[in-house]
*Asks:* 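One structure, as structure tokens, below. Some questions next.
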Amino acid sequence: MTEKRASIGARRNPETETAVLDAAEALLAEKGISGLTMEAVARRARAGKATLYRWWPTRGALLMAVYQRQKRIAGYPDTGTLEGDVRGVLDTLFAHWGRPEGRIFRHIIAASQSDPDVLEALEAYRLGRLESLSVLFERARARGELCAEVPAAEMARAVMAMAWLHLLVGRLDADTAGMARTLVRGWTAR
């Protein structure tokens, strides 16, 4: 019988958290999303299932935690122009999604279509990403570059939709400069 890691109470034990995320990452690499179960992760990480459920209440939440850990994108660029910022976002995302650790995101979106836990975790992630993307448009508005009547949240949603569409159809080689130009045309002040 393998010994479980010691608990440090309600706080997360960094060693256990790392072991759990490492185990989940390894299971994803070996077996895909369907092979990621809380039981398998707990067993491999030598952690209690109660610990996993306390920190990540669903398999979907754990899956998104692994993705976010691998993503390692600190923030979006500030190029001084809205078009440049949107292109920078697309370049950053497409580069990440083209790497092995980024490819899992397409599978997360697919799994969310039939797994309510993954859908819930993906929706929480999406809302957070929309909020951070909205910053680009608020900066453009502050520079006087953006039409005042166009809502930043809707523009962020359009950029996200364009990016996710290209991920899902396997077109990460698209012309991001052209995409950015198309997306911001009509939004910027004349």
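Note that the structure is a prediction, hence the values are computed from the model and not measured. Positions are given from 1, in the same order as the sequence printed here.
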*Asks:* Going from CG on Asp91 to OG1 on Thr176, what distance comes out if it is rounded to the nearest 0.5 angstrom?
*Replies:*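 If I round to the nearest 0.5 Å, the distance is 3.5 Å.
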*Asks:* Between CG of Leu127 and CE of Met160, what distance do you get to the nearest 0.5 Å?
*Replies:*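 Going from CG on Leu127 over to CE on Met160, the span is 8.0 Å.
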*Asks:* Can you establish whether the number of heavy atoms outside Glu131 located under 6.0 Å from its atom CD is more than 12?
*Replies:*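 Not buried by this count: 12 neighbours or fewer within 6.0 Å.
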*Asks:* Would a distance-only check, ignoring hydrogens and angles, find a side-chain to backbone donor-acceptor pair under 3.5 Å from Asp85 to Thr79?
*Replies:*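 Checking the backbone N and O of Thr79 against the side chain of Asp85, a donor-acceptor pair under 3.5 Å is found.
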*Asks:* Between Asn13 and Glu15, what is the shortest heavy-atom contact and its length?
*Replies:*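 Looking at all heavy atoms of both residues, the closest pair is OD1-N, 2.8 Å.
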*Asks:* Kindly give the heavy-atom pair with the smallest separation between Glu138 and Ala152, and that separation in Å.
*Replies:*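 Closest approach of Glu138 to Ala152, heavy atoms only: OE2-CB, 3.2 Å.
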*Asks:* Using every non-hydrogen atom in the two residues, find where Ala163 and Leu90 come nearest and quote the distance to one decimal.
*Replies:*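 Looks like CB-CD2, 3.8 Å.
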*Asks:* Are Leu119 and Val66 co-members of a hydrophobic cluster defined by side-chain heavy atoms under 4.5 Å apart?
*Replies:*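 Val66 and Leu119: separate clusters.
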*Asks:* Can Tyr53 be reached from Trp55 by stepping across I, L, V, M, F, W or Y side chains whose heavy atoms are under 4.5 Å apart?
*Replies:*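 Linked within one cluster.
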*Asks:* Restricting to non-hydrogen atoms, name the atom on Gly48 and the atom on Ala42 that form the minimum distance, rounded to 0.1 Å.
*Replies:*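 Distance-wise, the nearest heavy atoms are C-CB, 4.3 Å.
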*Asks:* Hey, could you give me the NE2/CG distance between His96 and Leu172, rounded to the nearest 0.5 Å?
*Replies:*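 Going from the NE2 atom of His96 to the CG atom of Leu172 covers 10.5 Å.
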*Asks:* Any non-hydrogen side-chain atom of Met155 less than 4.5 Å from a side-chain atom of Leu146?
*Replies:*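 Yes, at least one pair of side-chain atoms sits under 4.5 Å.
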*Asks:* If every non-hydrogen atom of Ala19 is compared with every non-hydrogen atom of Ala45, which pair is closest and at what distance?
*Replies:*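 Smallest interatomic distance, heavy atoms only, reads O-CB, 3.6 Å.
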*Asks:* Just how far is it from atom CZ of Arg87 to atom CZ of Arg181, taken to the nearest 0.5 Å?
*Replies:*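 Reported value, rounded in 0.5 Å steps: 8.5 Å.
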*Asks:* Is Trp164 reachable from Phe94 through a run of I, L, V, M, F, W or Y residues, each pair having side-chain heavy atoms under 4.5 Å apart?
*Replies:*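 Per the 4.5 Å side-chain linkage, Phe94 and Trp164 are co-clustered.
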*Asks:* When clusters are formed by joining ILVMFWY residues with side-chain heavy atoms under 4.5 Å apart, either directly or through shared neighbours, do Leu122 and Leu168 land in the same one?
*Replies:*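 Linked, Leu122 and Leu168 end up in one cluster.
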*Asks:* Test your reading of the model: is there a side-chain donor-acceptor pair from Thr18 to the backbone of Pro14, 3.5 Å cut-off?
*Replies:*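 Confirmed, Thr18 side chain pairs with Pro14 backbone.
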*Asks:* Taking all heavy atoms of Leu183 and all of Ala158, pick out the closest pair and write down the distance.
*Replies:*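 Distance-wise, the nearest heavy atoms are CD2-O, 4.1 Å.
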*Asks:* Within a strict 4.5 Å, meaning less than it, do heavy atoms of the Val159 and Phe137 side chains meet?
*Replies:*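 Sidechains of Phe137 and Val159: in contact.
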*Asks:* Between Arg143 (side chain) and Gly80 (backbone), is there a donor-acceptor pair under 3.5 Å?
*Replies:*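 Answer holds: yes.
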*Asks:* Report the distance from atom CE of Met64 to atom CD1 of Ile108, rounding to the nearest 0.5 Å.
*Replies:*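 Rounded to the nearest 0.5 Å, the CE-CD1 separation comes out at 5.0 Å.
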*Asks:* For Arg103, which residues count as a salt bridge (charged side-chain N to carboxylate O under 4.0 Å, His left out) partner, sequence neighbours excluded?
*Replies:*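 Residues passing salt bridge (charged side-chain N to carboxylate O under 4.0 Å, His left out) with Arg103: none at all.
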*Asks:* Would you call the rings of Phe105 and Trp97 parallel, tilted or perpendicular if under 30° counts as parallel and over 60° as perpendicular?
*Replies:*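 Ring orientation, 0 to 90° scale: parallel.
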*Asks:* Of all residues at least two apart in sequence or in a different chain, which pass the salt bridge (charged side-chain N to carboxylate O under 4.0 Å, His left out) check with Asp22?
*Replies:*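 Once residues adjacent in sequence are excluded, the partners of Asp22 under the salt bridge (charged side-chain N to carboxylate O under 4.0 Å, His left out) criterion are Arg69.
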*Asks:* Do Asp78 and Leu136 touch side chain to side chain, with heavy atoms closer than 4.5 Å?
*Replies:*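 No; the side chains remain at least 4.5 Å from each other.
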*Asks:* Could you note down all residue pairs passing salt bridge (Lys or Arg N to Asp or Glu O under 4.0 Å) where residues 106-125 supplies at least one of them, sequence neighbours left out?
*Replies:*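 Qualifying pairs: Arg59-Asp115, Glu123-Arg126.
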*Asks:* Could you give the distance from OG1 (Thr58) to CG (Leu63), rounded to the nearest 0.5 Å?
*Replies:*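 Nearest 0.5 Å value for the OG1-CG distance: 9.0 Å.
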*Asks:* Quick check on the 6.0 Å ring-centre criterion: do His107 and Tyr67 meet it?
*Replies:*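 No, they do not, as the ring centres are separated by 6.0 Å or more.
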*Asks:* Contact between Ile109 and Leu167 at the side-chain level, heavy atoms closer than 4.5 Å - yes or no?
*Replies:*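 Yes, their side chains come closer than 4.5 Å.
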*Asks:* Are any non-hydrogen side-chain atoms of Ile104 and Ile33 less than 4.5 angstrom apart?
*Replies:*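 Sidechains of Ile33 and Ile104: in contact.
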*Asks:* Could you tell me if the side chain of Val20 sits less than 4.5 Å from the side chain of Leu62, heavy atoms only?
*Replies:*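 They are in contact (side-chain heavy atoms under 4.5 Å apart), so the answer is yes.
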*Asks:* In this structure, would Leu130 and Leu82 fall into the same cluster of hydrophobic residues linked by side-chain contacts under 4.5 Å?
*Replies:*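 Yes: a chain of side-chain contacts under 4.5 Å links Leu130 to Leu82.
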*Asks:* I'd like to know if the side chain of Glu101 reaches the main chain of Lys71, judged simply by a donor and an acceptor atom lying under 3.5 Å from each other, with no hydrogens or angles considered.
*Replies:*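 No.
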*Asks:* Using a strict 4.0 Å threshold on nitrogen-to-oxygen distance, state whether Glu30 and Arg44 make a salt bridge.
*Replies:*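 Yes, Glu30 and Arg44 are salt-bridged.
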